[in-house]
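As structure tokens, the structure follows; a few thoughts come after it.
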Number of protein chains: 2
Amino acid sequence: MYRTTMHSPELLKGSLQTIILKLLADNDRMYGYEITQKVKELSGGKLVLTEGALYPTLHKLEAEGFLKTEKVHLGKRVRKYYHLTPVGKNSVVQRIEDFEAFISTMFKILSINPQLG
Amino acid sequence: MYRTTMHSPELLKGSLQTIILKLLADNDRMYGYEITQKVKELSGGKLVLTEGALYPTLHKLEAEGFLKTEKVHLGKRVRKYYHLTPVGKNSVVQRIEDFEAFISTMFKILSINPQLG
DNA sequence: GTGCGATACATTGGAGTCTTATGTAATACG
DNA sequence: CGTATTACATAAGACTCCAATGTATCGCAC
């Protein structure tokens, strides 16, 4: 997926949108590069987003109405800030619930006790 | 992935191999249809494997040396039992550790408290 | 004795998601 | 000034899974 130092990158498939939406729910507005750095920080370096995964996903979430953008000029450079739309805000709650349901089901199948930290 | 009543089937991508290997670690030998039923049972009906996902995955795991098969004749029908190879047994432990590491990282990013059951 | 649901295997085409590679360009810093 | 970092982006391809389809047997009710 988005490059990881863990052994099974496939596991992460499908969670990138959830990660992005959650970060934007916590931080009001962020730009692409900032998201990659925040993920690296929060995961203790275990998760490193590639741009090839990030930007197409941001564009898709925007096209689907979950995100809005505003361009900010910094000297000659243009930075694109993303923030949640009202629809986006609702979907964050839903997606985290879905993720928790998924984990709960996987714990049952894999016989994992639900108190790992 | 393998059809689910949850809202985000994409989340499950990448975990099918882990599920299969774990079931075979717990049950010594199983055949395809039996695996679909066991997953349905363990997940409380939330996860339903499709054959289009299951059989290619079983064949792939066999080709990679994680599984071996034995054919059992039942009247005119042939049932294919799968069981873990020694390599397969080692990989189960590894994959579950990877899965737990993934969950741990996701919990950090999504600010989820690790005591949902 | 037959029709139907369940059992049991399998393949194919396609959608979706991510990776690798590549491209462009500005800024910071030594 | 050259190199790492910041910052955007796209394109080709791999990989995983789903939906659809195919074949065939078995158990049971009617």
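Letters A, B, ... mirror the listed sequences (proteins, then strands); counts begin at 1. Please read these numbers as outputs of a predicted model, since none were measured by experiment. Basis for what follows: all heavy atoms, side chains included, without hydrogens, waters or symmetry-related copies.
Listed by residue number, the members of residues 63-75 of chain B with any heavy atom below 4.0 angstrom from DNA chain D are L74(B), G75(B).
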Walk me through whether Q17(A) and L61(A) qualify under side chain to side chain contact (heavy atoms under 4.5 Å, CB included).
CA-CA 8 Å; Q17(A) 290 193 6; L61(A) 287 172; 3.7 Å; yes

Apply the test side chain to side chain contact (heavy atoms under 4.5 Å, CB included) to residues L23(A) and M30(A): give CA-CA distance (whole Å), side-chain angles for both, the deciding distance (0.1 Å), then the verdict.
CA-CA 8 Å; L23(A) 288 182; M30(A) 298 180 88; 3.9 Å; yes

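Atom CD in Q17(B) sits about 9 Å away from atom C1' in dT16(D), given to the nearest Å. Rounded to a whole Å, the CG atom of L54(B) is 9 Å from the P atom of dA10(C). Spacing between atom CG of L16(B) and atom C1' of dC15(D) amounts to 13 Å, rounded to whole angstrom units. Per the geometry, NZ belonging to K76(A) stands 6 Å off P belonging to dA26(C), to the nearest Å. To the nearest angstrom, P of dT16(D) lies 12 Å from CD1 of I20(B). Atom-to-atom, CG of L58(A) to C1' of dT17(C) comes out at 15 Å; the value is rounded to the nearest Å. Atom pair L49(A):CG and dC8(D):P shows a separation of 13 Å (rounding to whole Å applied).
Note on K60(B) versus E64(B): salt bridge recorded, some NZ/NE/NH1/NH2 to OD/OE distance being below 4.0 Å.
Dashed line: the shortest gap from a side-chain N or O of Y31(B) to OP1 or OP2 of dC9(C) is not under 4.0 Å.
Atom-to-atom distance recorded for T18(B):OG1 and F102(B):CZ is 10.5 Å, nearest 0.5 angstrom. Atom CG of L58(A) and atom CD1 of I35(A) lie 5.0 Å apart (nearest 0.5 Å).
Comparing E34(B) and K60(A) by the nucleotide of DNA chain C that holds the closest heavy atom to each, the one mapping nearer the 5' end is E34(B).
N90(B) and Q94(B) share no side-chain donor-acceptor pair at under 3.5 Å.
Within the structure, salt bridge (charged side-chain N to carboxylate O under 4.0 Å, His left out) pairs that include any residue of residues 21-33 of chain A comprise K22(A)-D26(A), R29(A)-E70(A) (at least two apart or interchain).
Heavy atoms only, all atoms of each residue included: S91(B) and L21(B) are closest at OG-CD1, 3.7 Å. Heavy-atom minimum distance, I109(A) versus S43(B): CD1-CB, 4.2 Å.
Of all nucleotides listed (dC8(D), dA10(C), dT20(C)), dA10(C) comes nearest to the side chain of Y82(B).
If you check every strand for non-hydrogen atoms under 4.0 Å, R77(A) touches a base.
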Below 3.5 Å between N/O atoms, which protein atoms pair up with nucleotides 10-14 of chain D? Just atom names and distances, please.
{"from": "dT10(D)", "atom 1": "OP2", "to": "H59(A)", "atom 2": "ND1", "distance (Å)": "3.3"}

